[in-house]
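These notes concern the structure reproduced below.
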Amino acid sequence: MAQLTPLLSAQDIEAKVAAVARKISQDYKDSELVVIGVLNGAFIFMADLVRHIEKPVGVDFVRVSSYGSGDTSSGKHRLTKPLEIDIKGKDVLIVEDIVDSGLTMDFLKAYFQNFSPRSIEICAMIDKSQRRETPISIKYVCHKVEEGFLVGYGLDFDENYRSLPGIYTLKP
Ligand code: IMP
Ligand code: MG
């Protein structure tokens, strides 16, 4: 039986998301902000985050599949849902559930760059640092961990646990 150890409660998450959203609202107060969520993992975080940002924002989603096995990404990425709104000249904020190797964020930043936005930054619910393979600057982070496999609040293991309101460490 897999074992779930609580890491962040729904209340912890709410406070962290609100704090990051406050910072985003200040930093982008005079700009045209487009928030782009990475499916599927970011859908819950994205929904909470945009409701805490105190200004109008454009919203879109992309979906990326990475080839490879197990729980690590291989570095070969393919878009299975492309960007659909116009980001030319706009400030893009990529919203991701968890940054691990950093390769997905590297791939997406390069992809968005093709559409000539004014800026691209990253907002991650979780920054998991130990397995980072490429240096990646994450401007907004709700919570940092070194290692471990996390589930809940959008994060899944084989499509399980996404709907849990809190975040847990999964032990096989
Ligand atoms: P990476 O940064 O390219 O290695 O990949 C990040 C993606 O891997 C995330 O968007 C998740 O889909 C998945 N991932 C990495 N670590 C975890 C975890 O602890 N729990 C759930 N998914 C994870
Ligand atoms: Mg993901």
Side-chain angles (χ1 to χ4, degrees), residues 1-10 12-14 16-17 20-21 24 34-50 59-84 87 92-114 117 119-172:
M1 261 299 268
Q3 194 191 316
L4 299 183
T5 309
L7 178 71
L8 298 173
S9 68
D12 297 335
I13 294 170
E14 157 84 26
K16 285 167 184 279
V17 173
V20 160
I24 293 169
V34 177
V35 182
I36 302 172
V38 185
L39 294 171
N40 289 339
F43 78 116
I44 295 177
F45 177 39
M46 175 88 164
D48 285 345
L49 186 74
V50 295
V59 169
D60 200 358
F61 289 92
V62 291
R63 190 164 183 185
V64 183
S65 84
S66 87
Y67 300 88
S69 56
D71 64 349
T72 57
S73 75
S74 63
K76 287 197 192 107
H77 294 85
R78 188 169 62 90
L79 274 172
T80 55
K81 185 217 165 301
L83 186 67
E84 290 175 62
I87 59 169
V92 166
L93 187 63
I94 307 174
V95 176
E96 174 66 307
D97 53 359
I98 183 165
V99 178
D100 184 13
S101 71
L103 295 172
T104 304
M105 286 300 100
D106 223 29
F107 167 81
L108 277 179
K109 281 186 87 169
Y111 168 65
F112 293 138
Q113 210 72 66
N114 293 322
S119 69
I120 306 176
E121 299 289 353
I122 296 167
C123 175
M125 179 64 215
I126 306 280
D127 173 1
K128 183 164 78 175
S129 52
Q130 199 180 64
R131 299 198 299 188
R132 197 62 41 84
E133 286 180 39
T134 180
I136 191 107
S137 150
I138 312 172
K139 190 165 183 192
Y140 305 99
V141 175
C142 292
H143 190 75
K144 291 185 191 207
V145 295
E146 285 275 305
E147 57 182 350
F149 197 85
L150 309 187
V151 296
Y153 197 65
L155 291 156
D156 76 305
F157 176 68
D158 273 352
E159 294 303 325
N160 291 309
Y161 311 113
R162 279 197 207 278
S163 60
L164 295 175
I167 296 180
Y168 299 80
T169 304
L170 182 74
K171 302 242 170 62

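Scope of the values below: all heavy atoms of this structure, side chains included, with no hydrogens, waters or symmetry mates. All figures in this text were calculated on a predicted structure; none of them were measured in a lab. For ligands, and for the atoms within them, numbers begin at 1 and follow the listed sequence.
- When non-hydrogen atoms are compared, ligand 1 lies under 4.0 Å from the side chain of Lys128 (C-beta onward) but not from its backbone.
- Residue Arg131 places no N or O, backbone or side chain, under 3.5 Å from any N or O of ligand 1.
- Classified by interplanar angle (parallel below 30°, tilted 30° to 60°, perpendicular above 60°), the ring pair Tyr153/Phe45 is tilted.
- Annotation: side chain of Arg132 is in contact with side chain of Val99 (closest heavy-atom distance under 4.5 Å).
- Distances from atom 6 (C) of ligand 1 to the heavy atoms of Ile126, Asn40, Ile98 put Ile98 nearest.
- Panel note: side chain Asp106, backbone Leu103; no donor-acceptor pair is recorded below 3.5 Å.
- Ile122 CD1 to Lys139 NZ: the interatomic distance, rounded to the nearest 0.5 Å, is 11.5 Å.
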Start with the C-alpha gap between Asp48 and Met125, add the side-chain angles, then the distance that decides, and say whether side-chain contact (heavy atoms from CB on, under 4.5 Å) holds.
-> CA-CA 11 Å; Asp48 285 345; Met125 179 64 215; over 6 Å; no
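- Between Leu150 and ligand 1, at least one pair of N/O atoms sits closer than 3.5 Å.
- Atom CG of Leu150 sits about 10.5 Å away from atom OG1 of Thr5, to the nearest 0.5 Å.
- Ring to ring, Phe149 and Phe157 are close: their centroids are under 6.0 angstrom apart.
- At under 3.5 Å, not a single nitrogen or oxygen of Val99, backbone or side chain, sits near a nitrogen or oxygen of ligand 1.
- Here Glu133 has no heavy atoms under 4.0 Å from ligand 1, in either its backbone or its side chain.
- Using a 4.0 Å cut-off to heavy atoms of Gly148, the atoms of ligand 1 that qualify are 19 (O).
- Listed by number with element, the atoms of ligand 1 under 4.0 Å from a non-hydrogen atom of Gly102 are 1 (P), 2 (O), 4 (O).
- A donor-acceptor contact shorter than 3.5 Å is absent between the side chain of Tyr111 and the backbone of Pro82.
- Remark: among candidates Leu103, Leu39, Asp97, the nearest residue to atom 12 (O) of ligand 1 is Asp97, based on non-hydrogen atoms.
- Only side-chain heavy atoms of Leu155 come within less than 4.0 Å of ligand 1; its backbone N, CA, C and O stay farther off.
- Atom 10 (O) of ligand 1 has its nearest heavy-atom neighbour, among Arg132, Glu147, Glu96, in Glu96.
- Of all atoms in ligand 1, numbered sequentially from 1 with element shown, those under 4.0 Å from a heavy atom of Asp156 are 21 (C).
- Every N/O-N/O distance between His77 and ligand 1 stays at or above 3.5 Å.
- Each of the atoms 1 (P), 3 (O), 5 (O) of ligand 1 lies under 4.0 Å from some heavy atom of Thr104.
- In this structure, Lys81 pairs ionically with Asp60, as a charged nitrogen and a carboxylate oxygen lie closer than 4.0 Å.
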